[in-house]
Every structure is written in structure tokens, then in C-alpha cells.
Amino acid sequence: MRILNHEIPSAVGQTVTVAGWIHRRRRLAAVSFLVLRDRSGLSQIVVKTPETQAQLDELGEETVVQVTGTVAANPQAPGGAEIVEPTIEPLTEPAATPPIELWRPSVGASLPVVLDNAPVALRHPAVRAGWEVAAAALHGFRASVDGQGFTEIQTPKIVGTATESGANVFALDYFGGPAYLAQSPQFYKQTMVGVFERVYEVGPVFRAEPHDTVRHLAEYVSLDAELGFISDHRDVLAVLRNVIAGMLRAVGERAPAALERLSVELPEIPTEVPVLHFSEALKLAGADPDEPDLSPADERAIGEWALREHGSAFVAVEGYPMVKRPFYTHPQPSDPRWSNSFDLLFRGMELVTGGQRLHRYSDYVAALAARGESAESPTYSSYLQAFKHGMPPHGGFAIGLERFVARLIGAENVREVTLFPRDLHRLTP
């Protein structure tokens, strides 16, 4: 029966079978070494007989093999043990030479080369480590919201209208009629608050914005949550804080080897996240007080302030101008120019947008009328059914998974932690 590489040290003196990819071959005068890679890590196989050495010479790196041999202790081997007297059985034909040297500790190729060759490049332990962090963060997100009484939902990604935000949308032909790829599950997750009170979704969202930057993708994984019976957006921020803490904890527990490989030290999120009003944030950043949004430079300045004054890599900016928020956003009761919404910045970059939503049908009618639209139009009528029949005060947030991981591990480009990026220029592989 096959065992994994990380189990080899506990089987000293036993005959075992392992299987995986030939990560590297090293030929010395009297002995050869086969470094085998499986999902658990690397192992070392010692090859001494001329027949087996000749066989190994014919098998290129990335050939999939099965190896049976005896486990011997060796402090210099991975985990302190290695396999000797092996029998090697190829499970595939000899593999072609990889476009990237996967056995090197760091990736020596440029990002475009890595992305063009993603099916193989993702096997590199340093590239793979980014998604190991992402997978752990996903687990942490689900575990956190599950523990706070949320129900997971899945909503349509083909929709008939494009009204969630000002972002451009991808249009498609739907049996001869118009349809769009969903920019967000926003309308659906609000609707489902009327069913389960607290809901979340993990799924792709699509933005046809022509941004060609290191922080934007045309398709990314959105971690959405929506909850009912809140007092205001601060209740949403409190839940978000717990979710981020859970994600960080899960990464530390489930991906320690990946963190070590990437030389990443996990930050802590404070029990009380520092909060600035939007107007205060503009002053702190030295920006024009009439600006309707924060620039990337403003976000960096605010992030530096939070780290300097509060020792926090996280800071929330609340009260963004209503003119910059979607129609369903709840205004600040004391001054309706501002909104009961927030952005959570992580290391000087926007990570999460959240806030309180309108929940009264009459408020939606008024908000849409102010924009010259009708609540009875086909665009909004099905969405607003829930509000006609009673919805509690509610709010929510959305975390971009790839951006979270990129900020966490210090990646300069979000594409470094995206399995198969979709952007302005890339539709393959």
C-alpha cells in the first residue's frame, strides 16, 4: 500500500511503496539520488545498482513513478530518512523537459512565462505554496461564518440585468436574448437574508473593467457574507473582524510549510480594528477634502498611520460619500451625504467593501427615483419582492480571495496567487 513522503521517517526498517513525480535526479560517481515529490513534500531515494541507475537516466524530471524500497535513517535526508534498495516502476512514459526548472528553490522565470505554462509551473513548490495559503484561507472563512450561524448558498452567475454597480459587465447570448455574467451575488444574498438571516457564498464574480493593474482581475473568487438584524455597519465590521481572524488562524494551522517556504509571518488583527471616518482619512492622507474616493496613495498613507499609531496592519474607513456607493447603501442617519459603509484596508490596500443596506421598500423606491429609475421596472421588480414582504435591517461584505492572499504573502501582483488568471489580456490556459 502506498504511503506519503511525510510518513517515511516513521517507517524506518520497513519496506514501503511511495509514488509521485521525479522532482530531481543527481548522478554521482558511485550513487544516484532520486528526489520524489508528492502532495506531502519531498523524499530521497538512493540508487546504487547499475541497472536501476541506467533506468533512472532514461526517466526525465516530472515522470510519474512508483518506488518500493526499504526505509533507512539518514539525518541528511528530508525528514531524517531515505529509501534504499529501490525498485522503480514508471507509471507514465518519460516526461518532456519542463519549461521551468521545478527543482530550484525559487522560480527563475518571469511572471508571464509562469502564467503561460501554468499547468506545469503550478507544480513548483513556491508557486503551489500560494494556493496552499489560499485553500487554508477558504477553509478559515467557511469555518468562521459557519461558527457564527451563517448558511452557505450558491446563486446564479448568469443574470438578466447588470445593476449591482457601475462596473462594466460581460454580455453573452442566452438562447437568443441578452444576459450577463454576474458582477456580484449582492441582490441574491440580500434576498436570502429574508430566508436564513445569515448567509454566505464562495464563488466567482466577473468584472469587465479595462484595468491593467497588479491588483485587478476580470474573474476572481469573492467571499461574500450578508447578515440580518444589525444596528448599523459597525455590527458588520465586527463580524468581518472575526472572519479575518479565523482566516489567519486557519492559514497558520493548515499551511505552516507554505508560510515557511514563502518566508511569511502572519499578522494579527486587533480585537478592535482602528476606524477612521472618510473625511478624517482624507485629512490624514493630505488629500483634497472634496475627493469622492481614496486613491491608492491615500490608502497607503492610511495604512502607514494604522501601523504607526495602532500597530495594526488593518484599518477601516467608514462613511464613504453616498455618491460613490450603490443605490442600496444605507445613508448615515446624522448626515445623509455620507454612507453607513466601510472599506477594510490591509497593509495599505483596500481588501473588503461592506456596510449596511436599505431594508425598507419605500426607501428603495425613493433611492431609485433619485437616480431616475423605477422600482417597478423589470430590472428591479423581482429583487425588491423581498423588501415588499418584510426584511430586517441588514448588511454584509465581500472579500477578494486573491487580493487577500497577495497582501498576506507580499506578492507584488495578484496574478502570482491566481491559478489561471483572467484579465484584460489573458484567456488561456
Side-chain angles (χ1 to χ4, degrees), residues 1-108 117 119-133 135-136 139 251-263:
M1 182 179 295
R2 177 198 179 200
I3 68 170
L4 294 176
N5 285 338
H6 75 90
E7 299 174 283
I8 290 175
S10 63
V12 172
Q14 300 178 33
T15 298
V16 300
T17 296
V18 294
W21 291 261
I22 295 178
H23 190 65
R24 191 183 183 190
R25 298 166 299 166
R26 288 189 295 146
R27 183 74 181 264
L28 303 180
V31 67
S32 294
F33 293 96
L34 186 167
V35 178
L36 189 75
R37 187 185 73 248
D38 68 12
R39 71 176 188 266
S40 71
L42 304 177
S43 65
Q44 179 171 286
I45 293 101
V46 182
V47 178
K48 292 185 177 180
T49 66
E51 297 79 11
T52 309
Q53 286 184 328
Q55 180 190 23
L56 185 60
D57 289 341
E58 298 297 319
L59 303 175
E61 271 80 14
E62 295 308 294
T63 301
V64 180
V65 297
Q66 180 172 286
V67 179
T68 299
T70 303
V71 178
N74 181 353
Q76 279 72 49
E82 61 191 8
I83 293 177
V84 298
E85 301 177 357
T87 299
I88 302 173
E89 178 186 352
L91 300 181
T92 65
E93 60 190 9
T97 301
I100 296 170
E101 291 181 310
L102 301 177
W103 56 268
R104 292 192 179 275
S106 59
V107 181
N117 296 280
V120 177
L122 285 165
R123 299 179 184 184
H124 191 291
V127 180
R128 165 182 157 152
W131 190 257
E132 290 175 338
V133 171
H139 175 86
V251 170
E253 293 173 352
R254 298 175 69 89
L259 294 174
E260 182 179 1
R261 183 175 296 280
L262 297 169
S263 300

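On a predicted model such as this, the values are computed, not experimentally measured, just so you know.
- Contacts of Thr63 classified as side chain to side chain donor-acceptor pair (under 3.5 Å), with partners at least two apart in sequence or in another chain: none.
- Between Leu102 and Trp21, every side-chain heavy-atom pair lies at or beyond the 4.5 Å cut-off.
- Listed by chain and residue number, nothing satisfies the side-chain contact (heavy atoms from CB on, under 4.5 Å) test with Ala96 (two or more places apart in sequence, or in another chain).
- Legend: residues meeting salt bridge (charged side-chain N to carboxylate O under 4.0 Å, His left out) with Arg25, ordered by chain and number and at least two apart, are Glu61.
- The side chain to side chain donor-acceptor pair (under 3.5 Å) test applied to Asp57 returns Arg27, not counting sequence neighbours.
- Residues Ala126 and Leu262 come closest through the heavy atom pair O-CD2, 3.7 Å.
- Looking at Thr52, its side chain never comes within 3.5 Å of a backbone N or O of Val47 through a donor-acceptor pair.
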Take Val67 and Thr87 through the side chain to side chain contact (heavy atoms under 4.5 Å, CB included) test and state the conclusion after the steps. CA-CA 6 Å; Val67 179; Thr87 299; over 6 Å; no
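- Taking CD1 of Ile8 as the start and OG of Ser40 as the end, the distance is 7.5 Å to the nearest 0.5 Å.
- Of all heavy-atom pairs between Val71 and Val12, the closest is CG1-CA, 3.6 Å.
- Looking at residues two or more places apart in sequence or on another chain, you find no salt bridge (charged side-chain N to carboxylate O under 4.0 Å, His left out) involving Arg254.
- Ala95 approaches Glu62 most closely through the heavy-atom pair CB-C, 3.6 Å.
- Residue Leu34 holds its CG atom at 11.5 Å from CD of Gln53, rounded to the nearest 0.5 Å.
- In this structure Glu132 satisfies the side chain to side chain donor-acceptor pair (under 3.5 Å) test together with Arg128, sequence neighbours excluded.
- Looking at every heavy atom in both residues, Gly20 comes nearest to Leu36 through C-CD1, 3.7 Å.
- Within the structure, side chain to side chain donor-acceptor pair (under 3.5 Å) contacts touching residues 67-82 (residues at least two apart or in different chains) are Thr17-Thr68, Gln44-Glu82, Asn74-Glu82.
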Go through Val120 and Ile100 one step at a time and tell me if the side chain to side chain contact (heavy atoms under 4.5 Å, CB included) criterion holds. CA-CA 8 Å; Val120 177; Ile100 296 170; over 6 Å; no
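- Annotation for Pro9 and His6: closest pair CD-O, 3.5 Å, computed over non-hydrogen atoms.
- A donor-acceptor pair under 3.5 Å is formed between the side chain of Arg2 and the backbone N or O of Ala19.
- Remark: Glu85 engages no residue in a salt bridge (charged side-chain N to carboxylate O under 4.0 Å, His left out) (not counting sequence neighbours).
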Passes side chain to side chain contact (heavy atoms under 4.5 Å, CB included), Val18 versus Asp38? Steps please. CA-CA 9 Å; Val18 294; Asp38 68 12; 5.6 Å; no
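- In this structure, NE2 on His124 lies 6.5 Å from OG on Ser106, to the nearest 0.5 angstrom.
- No side-chain heavy atom of Pro90 sits under 4.5 Å from any side-chain heavy atom of Val64.
- Under the side-chain contact (heavy atoms from CB on, under 4.5 Å) criterion, Leu122 pairs with Ala118, Val127, Leu419, Phe420, not counting sequence neighbours.
- Applying the side chain to side chain donor-acceptor pair (under 3.5 Å) test to Arg26 and every residue at least two apart in sequence or in another chain returns nothing.
- Inter-residue side-chain proximity for Ile83 and Val46 is flagged as unmet; no heavy-atom pair is nearer than 4.5 Å.
- Shown here are the salt bridge (charged side-chain N to carboxylate O under 4.0 Å, His left out) partners of Arg24, two or more places apart in sequence or in another chain: there are none.
- The nearest pair of heavy atoms linking Val16 to Ala11 is CG1-CB, 3.9 Å.
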Evaluate Ile22 against Leu56 for side chain to side chain contact (heavy atoms under 4.5 Å, CB included), listing each step before the verdict. CA-CA 10 Å; Ile22 295 178; Leu56 185 60; 4.2 Å; yes
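- Between the side chain of Glu58 and the backbone N or O of Pro94 there is no donor-acceptor pair closer than 3.5 Å.
- Shown here are the side-chain contact (heavy atoms from CB on, under 4.5 Å) partners of Leu42, two or more places apart in sequence or in another chain: His23, Val35, Arg37.
- Here the side chain of Ser43 pairs no donor or acceptor atom with the backbone of Asn5 at under 3.5 angstrom.
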